[in-house]
2 protein chains.
Amino acid sequence: MALEHAILVSLLEKPASGYELARRFDRSIGYFWTATHQQIYRVLKRMEDDGWVDARDVPQQGRPDKKEYSVADLGRAALSSWLHDPIEPESVRHDLAVKIRGAAFDDPTALIREVERHRQAHRDRLAHYLAGQARDFTGPKAPTAGAQAPLDAERELQHAVLRGGIAYERMMIDWLDDVLATLARFGPGR
Amino acid sequence: MALEHAILVSLLEKPASGYELARRFDRSIGYFWTATHQQIYRVLKRMEDDGWVDARDVPQQGRPDKKEYSVADLGRAALSSWLHDPIEPESVRHDLAVKIRGAAFDDPTALIREVERHRQAHRDRLAHYLAGQARDFTGPKAPTAGAQAPLDAERELQHAVLRGGIAYERMMIDWLDDVLATLARFGPGR
DNA sequence: GGCGTCATGTAACACGTTACATGATTAG
DNA sequence: CTAATCATGTAACGTGTTACATGACGCC
């Protein structure tokens with residue numbers, strides 16, 4: 001399981017409250033890991049109990065106070081040990097692929113609109129990733145001066161992961177084009 | 001949830017026992033959906049209770065008897081209704097991407113071997129898919145004569161899904177090459 | 001005699017999703 | 001005054017994983 005570890009990475013990049021983490025999981029971290037706020041609060045509580053993270057109450061003006069979490073030594077050690085532990089390459093789970101094979105036993109052309117919807121969603125995500133790349137990973141190499149080496153690793157690796165997301169979305173768009181061409185061959189009316 | 005529906009598709013392609021289904025989920029269906037035998041037995045039981053599948057005892061020689069399941073009318077209807085129900089495009093979950101971002105807070109070069117292992121696994125899968133494609137989707141269009149139109153749809157759509165798997169593995173291999181090049185930039189010794 | 005395959009299951013637990021709940025502040 | 005955002009949580013349920021269990025047959 002990696003939600004704990006995804007949270008640790010995110011907190012190392014910048015301490016945050018549960019709420020802020022949840023929003024990050026809708027954005028950058030969400031490129032390759034999703035989680036709802038309920039899950040995050042539950043896991044965060046366990047991590048606090050286990051001493052992986054420290055909580056600090058931060059009073060705010062005009063807003064509810066928040067509990068800001070940062071990574072404790074135990075958490076850093078847990079992350080490090082996980083990083084050194086080999087994991088199995090996962091296999092994908094694609095509802096859409098199940099549908100495509102299932103369409104052979106129903107009307108194949110009925111799936112066309114669904115596939116088009118998915119292709120559009122992937123186009124949107126691609127555009128979003130490309131905008132993020134242009135915003136965060138072009139121009140001057142280091143956004144802050146000083147302490148360059150470690151910052152560079154963080155940025156470079158974040159960028160490498162983002163390039164993976166971009167490659168994934170491009171592949172999906174091309175494949176869905178292919179699927180649409182295949183479905184179209186079964187003609188309107190069949 | 002789509003395990004039920006993946007089972008329905010698989011049983012429509014060919015009736016099978018729980019055990020045989022479990023093995024299919026290690027192979028062709030497993031390209032895009034995984035499930036262990038425990039899950040399959042549990043779901044199969046529920047599907048039988050709900051009248052989605054019919055079970056038939058098949059005595060065998062030199063082997064334990066098996067329960068062969070086939071799709072009932074209710075199951076066909078359930079699949080059809082699911083096919084017409086739009087689903088949300090899922091987001092991916094990549095432990096490896098978490099590790100890559102996490103490596104910035106540990107020794108980045110320690111990840112190289114892990115990434116190489118994953119790249120090899122994806123190369124193996126790609127080779128496996130390509131072999132399957134050569135075996136099942138080249139040469140004469142229909143493997144059996146007669147009843148062509150529906151058989152063609154089944155084959156064509158299976159092939160389209162397999163092409164997706166191939167595209168996915170190629171993308172992953174390329175991306176992991178990219179990641180390795182990035183990790184290597186942090187040099188041996190830093 | 002031991003290991004691998006065929007075949008089916010139970011039980012406990014971990015993880016993920018959905019719905020519900022509360023309460024303050026700010027923008028329209 | 002209504003809706004959205006910030007902030008944290010509980011409860012119930014569904015799905016997925018791991019471990020354990022049984023038993024027959026065939027191969028070395």
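Only heavy atoms go into these numbers, but all of them, side chains included; no hydrogens, no water, no symmetry mates. Quick note on labels: first sequence line is chain A, next is B, and so on, each numbered from 1.
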Task: Whether E114(A) side chain and I87(B) backbone form a donor-acceptor pair below 3.5 Å - done: yes
Task: Check: Q60(B) side chain, P64(B) main-chain N or O, donor-acceptor pair, under 3.5 Å - done: yes
Open item on the list: Regarding R56(A) and S70(A), do their side chains bring together a donor and an acceptor under 3.5 Å, going by distance alone?
Closed with: no
Open item on the list: Please pick, from dT8(C), dG9(C), dG9(D), the nucleotide with the shortest atom-to-atom distance to any side-chain atom of S17(B).
Closed with: dT8(C)
- [ ] Counting heavy atoms from C-beta on, name the nucleotide in dG16(D), dA7(C), dC20(D) closest to the side chain of R93(A).
- [x]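 So the nucleotide nearest the side chain must be dG16(D).
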Open item on the list: Determine whether a donor-acceptor pair (one donor, one acceptor, N or O, separation below 3.5 Å) exists between the side chain of R42(B) and the base of dG16(D).
Closed with: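 Such a pair exists between side chain and base.
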Task: Separation of L111(B) CG from D106(B) CG (nearest 0.5 Å) - done: 8.0 Å
- [ ] Give the rounded distance in Å between these two atoms: CG of L21(B) and C1' of dA7(C).
- [x]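 In whole Å, dA7(C) C1' lies 13 Å from L21(B) CG.
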Task: Q39(B) CD to dG9(C) P, straight-line distance once rounded to whole Å - done: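 Atom CD in Q39(B) sits about 16 Å away from atom P in dG9(C).
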TODO: Hey, can you tell me if Y31(B) and H128(B) have their rings parallel, tilted or perpendicular (30° and 60° cut-offs)?
DONE: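 Because their plane-to-plane angle is over 60°, the rings of Y31(B) and H128(B) count as perpendicular.
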Task: Whether H5(A) and W82(A) hold their rings parallel, tilted or perpendicular, with breakpoints at 30° and 60° - done: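 Aromatic pair H5(A)/W82(A) classed parallel.
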- [ ] Please determine if a side-chain N or O atom of K66(A) lies less than 4.0 Å away from the OP1 or OP2 oxygen of dA24(C).
- [x]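 Answer no for this pair, as no side-chain N or O of K66(A) is under 4.0 Å from OP1 or OP2.
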Output a table of nitrogen or oxygen pairs between the protein and nucleotides 3-6 of chain C separated by less than 3.5 Å.
{"unit_1": "dC6(C)", "atom_1": "OP2", "unit_2": "Y19(B)", "atom_2": "OH", "d": "3.0"}

